[in-house]
Structure formats: structure tokens, C-alpha cells
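Computed over heavy atoms, backbone and side chain alike; hydrogens, waters and symmetry mates excluded. Since the structure is predicted, the reported quantities are computational estimates derived from the model, not experimental observations.
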Amino acid sequence: MIRVENSADKAEIYISGDIIDDDEGAIVSWWGDGDAYQWPSDIKKQLDDVKGKDLTVYINSSGGSVPAGVAIANMIKRHDGHTTAVVDGWCCSIATQIFFAADDRQIPKNAYLMIHKPATGIVGNADDLEKAITFLNTIQEGMETVYNDAANDDVTPETIHDMVNNETWLTGEQAKQYFNVTVLDSTQTVAKAGKSENMKNIPDAIIAAWKKKNAADDAEQKAKRQRLQKDLNNKITIAVAKAKGVLAE
């Protein structure tokens with residue numbers, strides 16, 4: 001979901017969902033499922049409406065397409081107003097490129113950043129696989145350049161490289177040890193459950209939050225079904241009573 005809130009000189013954008021390419025965005029938009037995804041051309045339209053304004057970008061995303069994420073990050077970087085990025089629940093994989101593209105970055109104590117190696121799926125011969133490896137290594141170098149630019153002075157490129165290779169999860173307080181970010185008080189926002197199949201080390205706290213939310217959603221759905229069934233039973237009872245009344249006449 002992307003929601004833009006405007007005032008005279010400030011704007012807020014909420015990016016929540018998996019990051020996909022423009023061609024996929026056209027499909028999900030047509031099907032009415034756009035709230036669960038983000039794609040460059042849609043975000044560009046929103047940014048065009050807030051040109052010249054200070055911008056706060058709220059992020060809750062598990063990542064997604066590298067080209068799409070990089071494109072969105074570059075749009076944020078080019079924005080002609082002061083930009084602030086805030087992690088709402090979690091900011092993972094390519095979504096971190098958007099986060100670090102902002103002039104200022106803020107993350108609550110209990111929110112998460114996750115950086116890891118890029119991945120792809122490929123079918124082909126040995127030459128194709130070697131090309132894919134070269135491609136992925138090049139992508140990783142570009143991602144690490146962004147992380148290094150945002151890192152604290154005492155954090156070395158070797159440290160960043162190891163963090164990416166090992167899929168590193170950081171709470172707000174931990175992120176402050178490595179990156180130039182501002183830590184905010186804890187929030188109650190639940191991390192966005194999206195394309196997490198490529199994530200290896202999801203923190204127990206996030207899994208617990210997902211289970212709690214799913215349990216609450218299940219309970220709400222059960223209560224809704226019970227209300228609907230009760231209403232249906234009442235309608236049936238009334239209809240039967242009316243039918244008996246008509247027959248009695």
C-alpha cells in the first residue's frame with residue numbers, strides 16, 4: 001500500500017508491501033490487489049504530487065525486486081525536498097536501499113533492518129550459471145556501496161561485506177552501532193509478512209508477532225462467521241414463521 005498525506009509544505013508516504021517491477025504492478029493494479037505491492041511507476045506518480053515538499057517515507061516491507069527497489073531509492077534520493085525514512089515494522093533486503101536513500105533515517109528500538117545477499121532463480125548450462133554469479137556479485141557490490149556510505153566511521157567495508165553474506169538482522173539499537181540512524185521509542189507496528197522464503201534468520205520476536213496477529217485475525221474471522229450464521233438462522237426462523245402464518249390463513 002502507498003498512501004500520500006499532504007500539507008502545505010510537508011508530505012508523508014507509506015510504503016508497505018513487496019516491491020515488484022512495473023509490469024507486475026500493472027497486473028496487480030488491474031486485479032485490484034495493488035495494496036499489497038509497490039512498484040516504481042506508481043510511486044513516481046505519488047512523488048510527482050509532492051514535489052518541493054519535505055518528505056517522510058514510512059517503510060514496512062520485506063523487499064522484492066532489485067531493479068524496482070533501486071529505482072524507487074533513486075527517486076527518493078532525487079526528491080527536491082528534505083527526505084526522512086522511518087521503519088514502521090521491518091525494512092528488509094532491497095527495501096533497505098530505499099531507507100538509506102533518505103537524508104535522515106529513523107528506526108524504532110523494536111523495529112528491524114535486514115541485509116543479505118541478492119538471490120535469483122535460473123535454469124541453464126554452466127556458462128549461464130557463471131553469468132548469474134557474476135551478475136549477483138555485481139548487484140551485491142552496488143548494495144554494499146550504499147551501506148558503506150551510510151555506515152558509521154568506525155565500520156569497515158569488510159564488516160559490511162560479512163554482514164551481507166551472513167544475512168544480518170538488526171533492531172533499531174543494533175542498527176545504530178553500524179549506521180548513521182536515529183533510534184526512536186518502541187512502536188506496536190507488526191512487521192509486514194511478505195516474500196520471506198529467502199530469509200534464513202527471521203528473529204523469534206517477529207515470528208511470535210506474526211503468530212499473535214494471525215491468531216487475532218482468525219478469532220475475528222470466526223466471530224464474524226458466527227454473527228453471519230446467527231443472522232442467517234434468524235432470517236430462516238422468521239421466514240419459516242411467516243410461511244406457517246400464510247399456510248394457517
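- Distance check: Lys45 NZ to Ile43 CD1 gives 12.0 Å after rounding to the nearest 0.5 Å.
- In this structure the side chain of Ile107 reaches within 4.5 angstrom of the side chain of Leu113, judged on heavy atoms.
- Within the structure, the ring pair (Phe, Tyr, Trp, His ring centres under 6.0 Å) test picks out no pair touching residues 64-89 (sequence neighbours left out).
- For Asp162 (side chain) and Thr159 (main-chain N/O), no donor-acceptor pair under 3.5 Å exists by modelled atom type.
- Interatomic distance, CD1 of Ile27 versus CG of Asp22, reported as 11.5 Å (0.5 Å rounding).
- Partners of Asp185 according to the side-chain contact (heavy atoms from CB on, under 4.5 Å) rule, which considers only residues two or more places apart in sequence or in another chain, are Lys109.
- When all heavy atoms of Leu55 and Leu47 are compared, the closest pair comes out as CD2-CD2, 3.6 Å.
- Of all non-hydrogen atoms in Tyr112 and Val87, the two that sit nearest each other are O-CG1, 3.7 Å.
- Scored by the side-chain contact (heavy atoms from CB on, under 4.5 Å) test, Lys176 finds Val181, Val183 as partners (sequence neighbours excluded).
- The side-chain contact (heavy atoms from CB on, under 4.5 Å) search around Ala68 returns Ile19, Asp21, Pro40, Ser65, not counting sequence neighbours.
- Thr171 places none of its side-chain heavy atoms less than 4.5 Å from the side chain of Asn110.
- Of all heavy-atom pairs spanning Ala101 and Ala73, the tightest one is CB-O, 3.3 Å.
- With respect to Lys131 and Asp127, no salt bridge is recorded, no charged nitrogen being found less than 4.0 Å from a carboxylate O.
- Val86 is listed as a side-chain neighbour of Leu184, based on a closest heavy-atom distance under 4.5 Å.
- Side-chain contact check for Gln97 and Asn74: no donor-acceptor pair (N or O, by modelled atom type) lies under 3.5 Å.
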Derivation of the side-chain contact (heavy atoms from CB on, under 4.5 Å) call for Gln140 and Asn165 | CA-CA 9 Å; Gln140 182 170 339; Asn165 282 344; 2.9 Å; yes
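- Side-chain atoms of Asn201 come within 3.5 Å of backbone atoms of Glu167 as a donor-acceptor pair (strictly under, hydrogens ignored).
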Could you walk me through whether His116 and Ser93 pass the side-chain hydrogen bond (donor to acceptor under 3.5 Å, both in side chains) test, one step at a time?
-> CA-CA 6 Å; His116 67 170; Ser93 193; 2.9 Å; yes
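- A distance of 10.0 Å separates CG in Asp18 from CD in Glu24, rounded to the nearest 0.5 Å.
- What you find for Ile59 and Ala85 is that their closest heavy atoms are CD1-CB, 4.4 Å.
- When the options Gln177, Met163, Met114 are evaluated for a side-chain contact (heavy atoms from CB on, under 4.5 Å) with Leu170, the one that passes is Met163.
- Looking at heavy atoms from C-beta onward, Phe135 lies in side-chain contact with Ile139 at the 4.5 angstrom threshold.
- Looking at heavy atoms from C-beta onward, Arg105 lies in side-chain contact with Asn180 at the 4.5 angstrom threshold.
- The one candidate from Asp103, Asp54, Asp104 that meets the side-chain hydrogen bond (donor to acceptor under 3.5 Å, both in side chains) condition with Thr83 is Asp103.
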Please test Asp42 against Gln46 for side-chain contact (heavy atoms from CB on, under 4.5 Å), starting from the C-alpha separation and ending with a verdict.
-> CA-CA 7 Å; Asp42 186 52; Gln46 307 297 335; 4.1 Å; yes
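- Contact annotation: the side chain of Val57 never approaches that of Thr84 to less than 4.5 Å [non-hydrogen atoms, C-beta and beyond].
- Asn148 and Pro157 get closest at one heavy-atom pair: OD1-CA, 3.4 Å.
- Using a 4.5 Å cut-off on side-chain heavy atoms (C-beta onward), Ile15 and Asn60 make no contact.
- Between the side chains of Tyr58 and Ser16, no donor-acceptor pair is found at a separation under 3.5 Å.
- Within the 4.5 Å cutoff, the side chain of Met75 has heavy atoms near those of the Lys44 side chain.
- Of the possible polar contacts, one joining the Asn125 side chain to the Asp128 backbone as a donor-acceptor pair under 3.5 Å is found.
- In the hydrophobic clustering, where aliphatic and aromatic side chains (Ile, Leu, Val, Met, Phe, Trp, Tyr) are joined below 4.5 Å either directly or transitively, Leu129 groups with Ile122.
- Under the 4.5 Å side-chain heavy-atom criterion for Ile, Leu, Val, Met, Phe, Trp and Tyr, Val66 and Ile133 are members of distinct hydrophobic clusters.
- Interatomic distance, Lys10 NZ to Thr56 OG1, rounded to the nearest 0.5 Å: 7.5 Å.
- Remark: Cys91 SG to Ile98 CD1 distance equals 7.0 Å, nearest 0.5 Å.
- Within the structure, ring pair (Phe, Tyr, Trp, His ring centres under 6.0 Å) contacts touching residues 161-182 (residues at least two apart or in different chains) are Trp90-Trp169, Phe100-Phe179.
- The distance from the CD1 atom of Ile72 to the CD atom of Gln38 is 6.5 Å, given to the nearest 0.5 Å.
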